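These notes concern the structure reproduced below.
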Protein chains: 2
Amino acid sequence: MAEHRRVCLIGAGPCGMSFLYHNQKHNAGEVVCYEKQSDWGGLWNYTWRTGLDEYGEPCHGSQYRDLWSNGPKECVEFPDYTFEDHFGKVIPSFPPRAVLQDYLEGRWRKANLRSHIRFNILVKNVTYNKETDDFTVIVKDLVNDKELPSERFSHVIVASGHFSVPNVPEFDGIDTFRGRILHSHDFRRAHEFKGQRLLIVGASYSAEDLAMQCTKMGSANIITCWRTKPMGFKWPEGIEERPLLTKIDGNTINFKDGTKAEVDVIILCTGYLYHYPYLSDTLRLKTGLRLYPPGLYKGTVWMGDGNNKLMYLGMQDQYYTFTMFDIQAEWACAVTRGDKKLPNRTEMELDMKKWLEEEALLKNCYDHITFQTAFVCDLAREVGCKYNLDVAALFNKWEDDKHSNVVTYRDHAFTSVFTGTPGIKHHTPWIEAFDDSLDTFVNQTPNK
Amino acid sequence: MAEHRRVCLIGAGPCGMSFLYHNQKHNAGEVVCYEKQSDWGGLWNYTWRTGLDEYGEPCHGSQYRDLWSNGPKECVEFPDYTFEDHFGKVIPSFPPRAVLQDYLEGRWRKANLRSHIRFNILVKNVTYNKETDDFTVIVKDLVNDKELPSERFSHVIVASGHFSVPNVPEFDGIDTFRGRILHSHDFRRAHEFKGQRLLIVGASYSAEDLAMQCTKMGSANIITCWRTKPMGFKWPEGIEERPLLTKIDGNTINFKDGTKAEVDVIILCTGYLYHYPYLSDTLRLKTGLRLYPPGLYKGTVWMGDGNNKLMYLGMQDQYYTFTMFDIQAEWACAVTRGDKKLPNRTEMELDMKKWLEEEALLKNCYDHITFQTAFVCDLAREVGCKYNLDVAALFNKWEDDKHSNVVTYRDHAFTSVFTGTPGIKHHTPWIEAFDDSLDTFVNQTPNK
């Protein structure tokens, strides 16, 4: 039985690392962080692997090699560790993958957080013990292929993400398709699709970005198709949008509008599942992707079983990312320390209800941004954060840019709200930038 | 607590179905079969899916759409349900996937076994209770996304296979490769690789057959590479063997013999892991692929924890398949019924030791066939099987044929040892047979 505060943290991605960061800052005592991968970073720990990993466990990674940030870095910037702090200079606003990863790791390295993480450890089972008001956690040492003795914790923080387990629907006739079928989770290199005719199913971030990436890398042509509504961007030559497919017949795709097309590859950008196979049913969040998953006070504290000592980080649909995770982790850490007292159950339920009612009224991306800004600022207020985390104006401009021109939106420069230093432009427009190395981008050296 | 015989059977593939078959034949009482897929067949339940399935669980299926049997059907034929019994006629010896699947299902349908299977149920946890000498099994209803109340069983039969969880090693520089990388587990359609230059890593059945399939379907050229020894077949134009790769540098592969090659795709035919995430450590078989996995009396009864009431079916490396699974299941069923008494521990250990010593002396495929024939016939003797299951002569001829000509070995006709009816040849040589439909093959109608 854990009589004192002893926190089990599941996942060493941006959310988990922010929890460790604030725990350390407050000298708050023991946190055991279990990470199934061999390194920190969560989704930012890029892997060439797909499907199952070297231990037969589902691959966590969903990022692709050629990813460039699809939002301005000024929207993800930590106020206490700016990009200028990290790189010692101003860099353009839409960095390639490796640059953002380096930035994140810089903050973690500076705080010396690595020693708190137990790598290659898979959490297998988490249950709540009512009698002792604590949790039993069973984990597996993947390298040595054995279960370790169970441990008890006062709190459990779930930070294992929700963009790792693909949602893969069935389509009529899909088993007759003779080409490659993959989910965006398993997309690694746009080069693989050079010269090929692609069908991209979906109308959210993955669909948008994979269409653009594959066009950039030389796919023959791309049809994206939507269920609810089209993305509606002014697509460059070679990309078109159609309503959802209805039937697949060999390599012929039939669409809802009666049109047909021959394609070589189907990429399912059909989203992800909330999947926590290690949590007992009474502790498990079941939701679709939304800005305010129900059942979480302040989007964080599990209101089901577990006496409010189980918390989820980063389970929202996301405009804000690193800064939202960070303020959420700071708040959660304060709760585990007892520095932030939770109100009584009725008050918590009323608070959730208020947010859910507001969420239900949102109509478009600008509303979403306003809502999530309020969510972030509310948490900031709760912990007495001295920074203003509101970057709604930047998000709004970014949406405008993207809707104005989806090819060039990454070529704009934004100004950091924390440093005030005006942004600079990358020397090469994104659509022509094939060198995504950190050196070229950060130091603005010529493309290699 | 389970005071009477109540068997938990995990998996409704060929092994599990054979257990149900013999259980029914003996009217032996309750068996609850949990199957995570939505249909029976195990690996024979072909799926277009790869990676994770619709519930976020690892896809079981490893078969590819264009698979044709790589051994003569006369080597897998059930003595009590021959191919002639099923199809009402003689058919050629190397059927495409759908024909073998139909044959298997025919036997299962005839015995009316479906009602014993609980589909879409994932086994999450199996533990042995020493005090009560039984097992607690926890399962998840995948469709309704919830854990079911735990159940107790007197015996557990593990029949979840060992060709479902890929073994995916790391190679120096693999993250610099710009093309597609996949394990044979995720190989579905040879069409996907038309016109492409392939590197196939491995020198066992998958490597051999994928090389041949891809050549047949029009890959540009194929290099296979081996770690221990080359396959050594007389390959057709377009396939060559090299020693193992040493380093990958972009799309350039470096081999141990100092040669280099540019390739578009890497297919890892690097085998599978024995992976039973649902078994507690003391019940879990840990082994590599071999003809006699240690720790299993008669290749079946777990000698570790569980008082010999946990059994594994089909965990051997396999020449024999359906008939071996069947006799093993018949034997295991007799043990669970108490009709077959296990000898004392010392005798069981001596018996295992004898087999392991023999296994250690085996030198080549013909030795392996002799060994596994003895293994199968030993089980047959144990249960008083009235059939002679020895098809070593057919296996030996098949090996000869393959080593003589890897392109044409599927064009030979074999004679059933049970019916004695001379075999017939398919109207089209395998290398030219692109119509793999059941109708064309079974009824010898013209290719469509």
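Note that the structure is a prediction, hence the values are computed from the model and not measured. We name chains A, B, ... by the order of the sequence lines, and we start the count at 1 in each one. Values reported hereafter were calculated over all heavy atoms of this structure, with side chains retained and with hydrogens, waters and symmetry mates removed.
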Inset, instruction - Go through the steps for A:Thr50 and B:Thr50 under the test side-chain contact (heavy atoms from CB on, under 4.5 Å), then give the verdict. - result: CA-CA 10 Å; A:Thr50 58; B:Thr50 58; over 6 Å; no
Tell me whether the count of non-hydrogen atoms from other residues, nucleotides or ligands lying under 6.0 Å of [atom1] in [X] goes above 12.
{"X": "A:Lys448", "atom1": "NZ", "answer": "yes"}
{"X": "B:Lys247", "atom1": "NZ", "answer": "yes"}
{"X": "A:Arg227", "atom1": "CZ", "answer": "no"}

May I have the list of side-chain donor-acceptor pairs in residues 165-175 of chain A shorter than 3.5 Å, sequence neighbours left out?
unit_1   : atom_1 : unit_2   : atom_2 : d
A:Asn167 : ND2    : A:Thr270 : O      : 2.9
A:Glu170 : OE1    : B:Arg49  : NH2    : 3.3
A:Glu170 : OE2    : B:Trp48  : NE1    : 3.1

Region of [X] in contact with chain B, defined by heavy-atom distances below 4.5 Å:
{"X": "A:Tyr55", "value": "backbone"}
{"X": "A:Arg178", "value": "both"}
{"X": "A:Leu268", "value": "side chain"}
{"X": "A:Tyr272", "value": "neither"}
{"X": "A:Lys140", "value": "side chain"}

Legend entry - Smallest separation among heavy atoms of B:Arg284 and A:Lys146, with atom names: NH2-CA, 4.2 Å
Inset, instruction - Might you point out which heavy atoms bring B:Glu54 and A:Leu273 nearest each other, and give the distance in Å? - result: O-CD1, 3.8 Å
Legend entry - Gap separating the CG atom of B:Asn125 from the NZ atom of A:Lys124, nearest 0.5 angstrom: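 That separation rounds to 7.0 Å.
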Inset, instruction - Quick one: pull up CG in A:Asp186 and CG in B:Leu52 and give me the separation to the nearest 0.5 Å. - result: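 The CG atom of A:Asp186 sits 7.5 Å away from the CG atom of B:Leu52.
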Legend entry - Flag, side chain of B:Lys286 to backbone of A:Asp145, donor-acceptor distance under 3.5 Å: yes
Legend entry - A:Arg180 side chain near B:Arg180 side chain, heavy-atom distance below 4.5 Å: yes
Legend entry - B:Glu57 side chain near A:His275 side chain, heavy-atom distance below 4.5 Å: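 The answer is yes; the side chains approach within 4.5 Å.
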Legend entry - Closest-packed option against chain A by number of heavy-atom pairs under 4.5 Å, given B:Gln196, B:Arg65, B:Arg189, B:His191: B:Arg189
